[in-house]
Amino acid sequence: MMSSNKKISGAEAVIRSLIEEGVDLIYGYPGGAIMPIYDELYKFQDKLNHVLTRHEQGATHAAQGFSRVSGKVGVVMATSGPGATNLVTGIADAQIDSTPMVCITGQVASHLLGSDAFQETDIIGISTPVTKWNCQVTKAEDIPKVLSKAFYIAKSGRPGPVLIDITKDAQFELFNYSYKKCISVRSYNPVPNYSSDLIEKAGQLVNNAKKPFIVFGQGVILGNAEIEFRDFIEKTGIPSAWTILGLSALPTDHYLNVGMVGMHGNYGPNVLTNECDLLIAVGMRFDDRVTGNLKTYAKQAKIIHLEIDPAEIDKNVKCDVPLLGDVKTTLPLLTKIVKNNTHDIWLKTFSSYYKKEFEKVIENEINPSKPGLTMAEVIKEINLSTNGNAVIVTDVGQHQMVACRYAKFNESKSNVTSGGLGTMGFALPAALGAKMGAPNREVVAIIGDGGYQMTIQELGTIFQTGSAVKIVVLNNDFLGMVRQWQQMFFEKRYASTELVNPDFVTIAKGYYIDADRVSERKNLKLAINKMIKSKKPYFLEVKVEKEDNVFPMIPTGASVSDIRLE
């Protein structure tokens, strides 16, 4: 516990509380209602680094990127009214992707609440559906207790974003400060107790299965259970596939890693979901993009679901054995009772499906015969240049699916993307945050020309911080994913999806960032190697085929068995 004999302001209490929680980096944007806190922040510059983003949404995405690679809580500050509402997209993104984040907003003075004062907005009401918890503070004495609780809730159990709204008079008010870290909250049980009987039952199902299959998600990463997960699959010999947020929990080239499930996932894992006799879901939530039509999803299989959030059990897919708890605890208990096994014939079935996918799709994407560049061959060259050791940050669209399909990863916390919300504009600020969260790692942002322009102003933040982010825009002059759907399902009526783009290279140079453009295959390798070798921020635009589609693909509402290769 930290205490002070002299009275301090609520604003100073905010800063001291952040320091108590081990925070050393904040993303934000000042304004009138939060100015007292920023004034105190100025006095603590030796302990807290504040990054001035160019938009509040950029601050939330940067905090997300920082959190995802560092495992720490991302911290954001903004003023009231439009400053607070500009955070909402990033908060919603963090909520659905289980990213721990604490957002602190200023608010008009308490006597003005409800009066439609200048820059007053009910951010508590607005953010309630997209936060794990939120709270408005009107008295300075409540600030330490509320912030302590905020950090505990954000990072415990299934992580998520918390918003604390502090009125301006509470920031000025003086009180006797003391700080005590929160270790529990009444009626909040972040990690449910596991059942030994259910672990025993799950072990029997694993031992008796002839065609077991694992789908693992981000819960493995959030639970720091990568080693425990690998021990389990290597003992049981079970083929394992990932959701896009689970990507990098298991090295890409691991012999039991059979690829990605979902709408643009690999052929075998999707089709064989409906042929396995046991489906083990580890730290994933059966998202609709993974399951396709629920009426036909894995109906033949027994299902074990390892999950920390009770709300996810039986929400979309009814399971036979729910294993609630932290996977870092429950997986070793399950590993202990299962038999050593191999499923060589079953594993070869996945290989045969991969061979078919390779011949029909992959070969022509990574070694194309067409004159124009493909997105996949760009990812391939980045793999070669970084040896699979980079953090890859993707935006949302075709490039995202291609990057997730073809990027190679050797270590965890290497794939940063907007999964559940699918937020265009995510990647550029998130890459900045990722680089600041892992300064010794190479961070490459893969972005489409559409999403790039939604947060392009964050080039200014990258320039000002000097963060050596490598930015690759795959430019097809289209909102590519929407265009693909229009081609396949709307008879090529390309309504409002063709883009007339600016000179991206000139814009990057305007922000004093080194930049280059590639449109021919013969120049691709050299350009990527030059970018990766740079010790400074670098922008590379790659002109790719204008109307390429991403396959395989499961049409909306179709069964995973109906995945199309063309």
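In what follows, residues are counted from 1 in the order of the sequence shown.
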Polar contact flag, side-chain donor to acceptor under 3.5 angstrom, Asn316-Asp288: no
Inter-residue atom distance His399.NE2 - Ile379.CD1, 0.5 Å rounding: 9.0 Å
Donor-acceptor contact present, side-chain Asp395 to main-chain Ala427, <3.5 Å: yes
Neighbour count >12 (heavy atoms, 6.0 Å) for atom OH, Tyr255: yes
Thr455 side chain to Gly425 backbone, donor-acceptor under 3.5 Å: yes
Contact check, side chains of Thr128 and Ile126, non-hydrogen atoms, under 4.5 Å: no
Leu474 side chain near Ile447 side chain, heavy-atom distance below 4.5 Å: no
Centroid-centroid distance, Tyr38 to His50, less than 6.0 Å: yes
pair Lys470-Leu540: side-chain heavy atoms closer than 4.5 Å: no
Nearest atoms (heavy-atom pairs only) where Ala154 meets Val102: CB-CG2, 4.1 Å
Validation row, ring centre Phe216 to ring centre Phe229 under 6.0 Å: yes
Side chain to side chain contact (heavy atoms under 4.5 Å, CB included) partner of Asn410, the single match among Thr386, Thr252, Asn389: Asn389
Validation row: Ile507, Pro502 side chains within 4.5 angstrom (heavy atoms): yes
Any donor-acceptor pair under 3.5 Å from Ser67 side chain to Gln64 backbone: no
Check: Ser412 main-chain N/O paired with Ser414 side-chain donor or acceptor under 3.5 Å: yes
Derivation and outcome, side-chain hydrogen bond (donor to acceptor under 3.5 Å, both in side chains), residues Gln218 and Asp97: CA-CA 9 Å; Gln218 190 185 202; Asp97 281 354; 5.6 Å; no
Expected output: side-chain Glu498 to main-chain Tyr494 donor-acceptor under 3.5 Å: no
Min side-chain heavy-atom separation Lys72-Leu25 under 4.5 Å: no
Check: Leu163 and Ile124 side chains under 4.5 Å, non-hydrogen atoms: yes
Lys/Arg-Asp/Glu bridge criterion (N-O < 4.0 Å) met for Arg16, Glu40: no
Test item: Asn415 side-chain N/O and Val393 main-chain N/O as donor-acceptor pair under 3.5 Å: no
Salt bridge flag under 4.0 Å for residues Lys543 and Asp477: yes
Side chain Gln484, main chain Val550, donor-acceptor under 3.5 Å: yes
Side chain to side chain contact (heavy atoms under 4.5 Å, CB included) evaluation trace for Val544 with Asn475: CA-CA 6 Å; Val544 295; Asn475 184 4; 5.8 Å; no
Test item: Thr53 side-chain N/O and His55 main-chain N/O as donor-acceptor pair under 3.5 Å: yes
Salt bridge (Lys or Arg N to Asp or Glu O under 4.0 Å) between Glu357 and Arg405, intermediate numbers included: CA-CA 12 Å; Glu357 180 183 345; Arg405 282 175 52 79; 2.7 Å; yes
Heavy-atom closest contact (Asn134 atom, Ser127 atom, distance): ND2-OG, 3.0 Å
side-chain hydrogen bond (donor to acceptor under 3.5 Å, both in side chains) between Glu545 and Thr374, worked out: CA-CA 6 Å; Glu545 282 282 337; Thr374 68; over 6 Å; no
N-O pairing of Lys181 and Glu20 below 4.0 Å: no
Nearest heavy atoms of Gln107 and Asp165, plus distance in Å: NE2-OD2, 3.0 Å
salt_bridge(Glu377, Lys370) N-O dist < 4.0 Å: no
Atom CZ of Phe478: over 12 foreign heavy atoms under 6.0 Å: yes
Taking every non-hydrogen atom, the tightest pair across Leu222 and Pro159: CD1-CD, 4.0 Å
Side-chain ion pair, Glu365 and Lys380, N-O less than 4.0 Å: no
Nearest non-hydrogen partners of Pro537 and Ile462, listed with the distance: CB-CG2, 3.7 Å
Flag side-chain contact, heavy atom, 4.5 Å: Glu226 against Lys413: yes
Presence of salt bridge, Lys525 and Glu381, under 4.0 angstrom: yes
Verdict with supporting geometry, Glu458 and Thr461, side-chain hydrogen bond (donor to acceptor under 3.5 Å, both in side chains): CA-CA 5 Å; Glu458 300 307 331; Thr461 316; 2.6 Å; yes
Heavy-atom pair with the smallest gap, counting every atom of Met436 and Val51: CE-CG2, 3.6 Å
Whether Ser156 side chain and Tyr152 backbone form a donor-acceptor pair below 3.5 Å: yes
More than 12 heavy atoms of other groups within 6.0 Å of Leu384 CG: yes
Worked check of side-chain hydrogen bond (donor to acceptor under 3.5 Å, both in side chains) between Glu411 and Ser248: CA-CA 6 Å; Glu411 64 178 292; Ser248 86; over 6 Å; no
Between Phe539 and Tyr452, ring centroids under 6.0 Å: yes
Side-chain (Ser534) to main-chain (Met531) donor-acceptor, under 3.5 angstrom: no
Arg285 and Asp287 ion-paired at < 4.0 Å: yes
Derivation and outcome, side chain to side chain contact (heavy atoms under 4.5 Å, CB included), residues Met488 and Met553: CA-CA 11 Å; Met488 296 178 67; Met553 180 180 181; 3.6 Å; yes
Check: Phe463 ring centre within less than 6.0 Å of Tyr511 ring centre: no
Within residues 504-518 or reaching into it, pairs that qualify as salt bridge (Lys or Arg N to Asp or Glu O under 4.0 Å) - sequence neighbours excluded: Asp503-Arg517, Asp514-Lys536, Arg517-Glu541
Side chain to side chain contact (heavy atoms under 4.5 Å, CB included) partner of Ile244, the single match among Gln400, Arg289, His264: Gln400
Side chain to side chain contact (heavy atoms under 4.5 Å, CB included) between Val14 and Leu147, worked out: CA-CA 8 Å; Val14 170; Leu147 281 178; 4.2 Å; yes
Phe426 side chain reached by Val416 side chain, heavy atoms, under 4.5 Å: yes
Neighbour count above 12 (heavy atom, 6.0 Å) for Tyr42 OH: no
Test log, rule side chain to side chain contact (heavy atoms under 4.5 Å, CB included), inputs Leu41 and Met77: CA-CA 11 Å; Leu41 179 62; Met77 294 202 309; 3.9 Å; yes
